[in-house]
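Some notes on the structure that comes next.
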Amino acid sequence: MRVIVEKDKEGVARRAAQFAAILVRKRPNCVLGLATGGTPLGMYAELIRLHREEGLDFSRVVTFNLDEYVGLSATHPQSYRHFMQQNLFDHINIDPRDTHVPDGRALDFEAYCAHYERLISDEGGIDLQVLGIGSDGHIAFNEPGSSLGSRTRLKTLTAETIRDNARFFGGEHEVPRLAITMGVGTILESRQCLLLAAGASKAKAIRETIEGPITAQITASALQLHRDVIAILDEEAARLLERRDYYLEVERAQAALQTGHFGRIDA
Ligand code: GLP
């Protein structure tokens with residue numbers, strides 16, 4: 001896993017948006033996997049800026065969101081569909097028909113989840129999947145104990161996640177207990193993953209994800225099996241990483257290679 005440490009959450013946002021923008025420019029009809037929560041907000045703001053000021057074109061981009069609360073309609077202020085409209089889709093030139101967020105009010109969830117998986121594969125799979133991380137180490141809503149081979153399905157939220165997400169609702173009792181979520185297996189099929197984390201509350205989950213054993217108890221740790229994951233962290237989220245200095249060294253070497261300043265050893 002490539003680990004990039006930025007100074008603060010603004011740095012994380014800029015760097016993450018850069019990766020997405022490079023892909024959109026290179027492949028205008030790319031498929032982006034998107035996440036909700038506080039973490040990717042800055043990245044979306046930067047993508048909106050790039051669209052407005054630098055003409056970043058989303059007209060042929062297709063998106064799939066990771067998850068949605070069960071029972072919330074698309075217009076519910078706390079639904080992830082609403083979040084995406086407010087924070088990204090309404091401000092860029094994406095075709096609304098190409099934005100997919102799981103339907104939290106589907107009637108037959110089993111059939112709907114299989115349909116969501118089919119939609120992703122019909123589009124040729126996800127090129128770049130953006131991920132946040134829960135304080136319990138979950139990705140999307142794959143709570144501890146989720147199968148590492150899981151596909152899109154219903155998941156019961158843990159007490160910790162309900163507590164964490166209560167800040168967006170009127171209190172814990174208003175947080176839905178169930179969500180539709182892409183599975184860990186679905187996420188691992190994306191061609192590239194960007195794992196974003198900022199703030200001290202993510203430091204433990206990040207250490208376990210990047211340097212701990214692969215375990216269904218920390219579903220983000222399954223990303224160690226993926227061949228192309230870039231973790232973009234701020235200093236606080238990276239604080240507990242034991243190999244931090246090495247990750248910094250790798251980035252320095254990478255930058256030197258790109259600028260052609262990597263001196264030959266025998267020079
Ligand atoms: C929710 C979402 C996750 C997200 C997590 C962290 O549980 N389902 O996709 O990564 O929250 O959110 P935040 O970025 O607000 O800390």
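Basis for what follows: all heavy atoms, side chains included, without hydrogens, waters or symmetry-related copies. Remember, it's 1-based here, ligands and their atoms both numbered in the order they're listed. Note that the structure is a prediction, hence the values are computed from the model and not measured. Each residue takes its place number in the sequence, starting with 1.
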With a cut-off of 4.0 Å, which atoms of ligand 1 are near a heavy atom of Phe141? 1 (C), 7 (O), 8 (N)

What is the distance from atom OG of Ser190 to atom CD1 of Ile126, rounded to the nearest 0.5 Å? 4.5 Å

Taking side chain as C-beta onward, heavy atoms only, is Val24 less than 4.5 Å from Asp57? no

Which of Thr99, Thr75, Asp103 passes side chain to side chain donor-acceptor pair (under 3.5 Å) with Arg81? Answer is Thr99

Residues at least two apart in sequence or cross-chain that pass ring-ring contact (aromatic ring centres under 6.0 Å, His included) with Tyr44, listed by chain then number, are none

Specify side chain, backbone, both or neither for Glu160, according to which of its non-hydrogen atoms lie closer than 4.0 Å to ligand 1. neither

When distances are taken from atom 12 (O) of ligand 1, the protein heavy atom at minimum range is Gly37 CA, 4.0 Å

Pro102 vs Thr152 side-chain heavy atoms within contact, under 4.5 Å: no

With only distance considered, is Gly38 within less than 3.5 Å of ligand 1 through an N or O on each side? yes

Nitrogen or oxygen of His138 less than 3.5 angstrom from that of ligand 1: yes

Any idea which atoms of ligand 1 are less than 4.0 Å away from a heavy-atom of Thr39? 13 (P), 14 (O), 16 (O)

Contact (N/O only, under 3.5 Å) between Arg167 and ligand 1: yes

Atoms in ligand 1 with a heavy atom of Gly132 nearer than 4.0 Å: 10 (O)

Is ligand 1 less than 4.0 angstrom away from at least one heavy atom of Glu143? no

With a 4.0 Å heavy-atom cut-off (strictly under), which part of Tyr80 contacts ligand 1: side chain, backbone, both or neither? side chain

Mind checking whether Val5 and Asp234 have side chains closer than 4.5 Å, heavy atoms only? no

Contact check, Ala140 vs ligand 1, heavy-atom distance below 4.0 Å: yes

Specify side chain, backbone, both or neither for Asp164, according to which of its non-hydrogen atoms lie closer than 4.0 Å to ligand 1. neither

Side chains of Asn142 and Arg153: do they bring a donor and an acceptor to under 3.5 Å? yes

Name of the residue among Gln129, Arg151, His226 meeting side chain to side chain donor-acceptor pair (under 3.5 Å) with Glu189: Arg151

Is there any ring-ring contact (aromatic ring centres under 6.0 Å, His included) pair reaching into residues 95-116, and which pairs are they, with sequence neighbours excluded? Phe64-His100, Phe64-Tyr116, Tyr112-His115

Of the listed options (Ile162, Thr36, Leu34, Leu131), which comes nearest to atom 4 (C) of ligand 1 when hydrogens are ignored and any heavy atom counts? Thr36

For Asp67, atoms of ligand 1 separated by under 4.0 Å from a heavy atom: 2 (C), 8 (N), 9 (O)

Geometry only, no angles: is Ile133 polar-contacting ligand 1 at N/O separations under 3.5 Å? yes

Tell me yes or no: between the side chains of Thr156 and Glu143, is some donor less than 3.5 Å from an acceptor? no

Near-ring test Phe141/Tyr69, centroid separation under 6.0 angstrom: yes

Return the residue, atom name and 0.1 Å-rounded distance of the protein heavy atom closest to atom 16 (O) of ligand 1. Lys202 NZ, 2.6 Å

Here the atoms of ligand 1 under 4.0 Å from any heavy atom belonging to Asn165 are 1 (C), 7 (O)

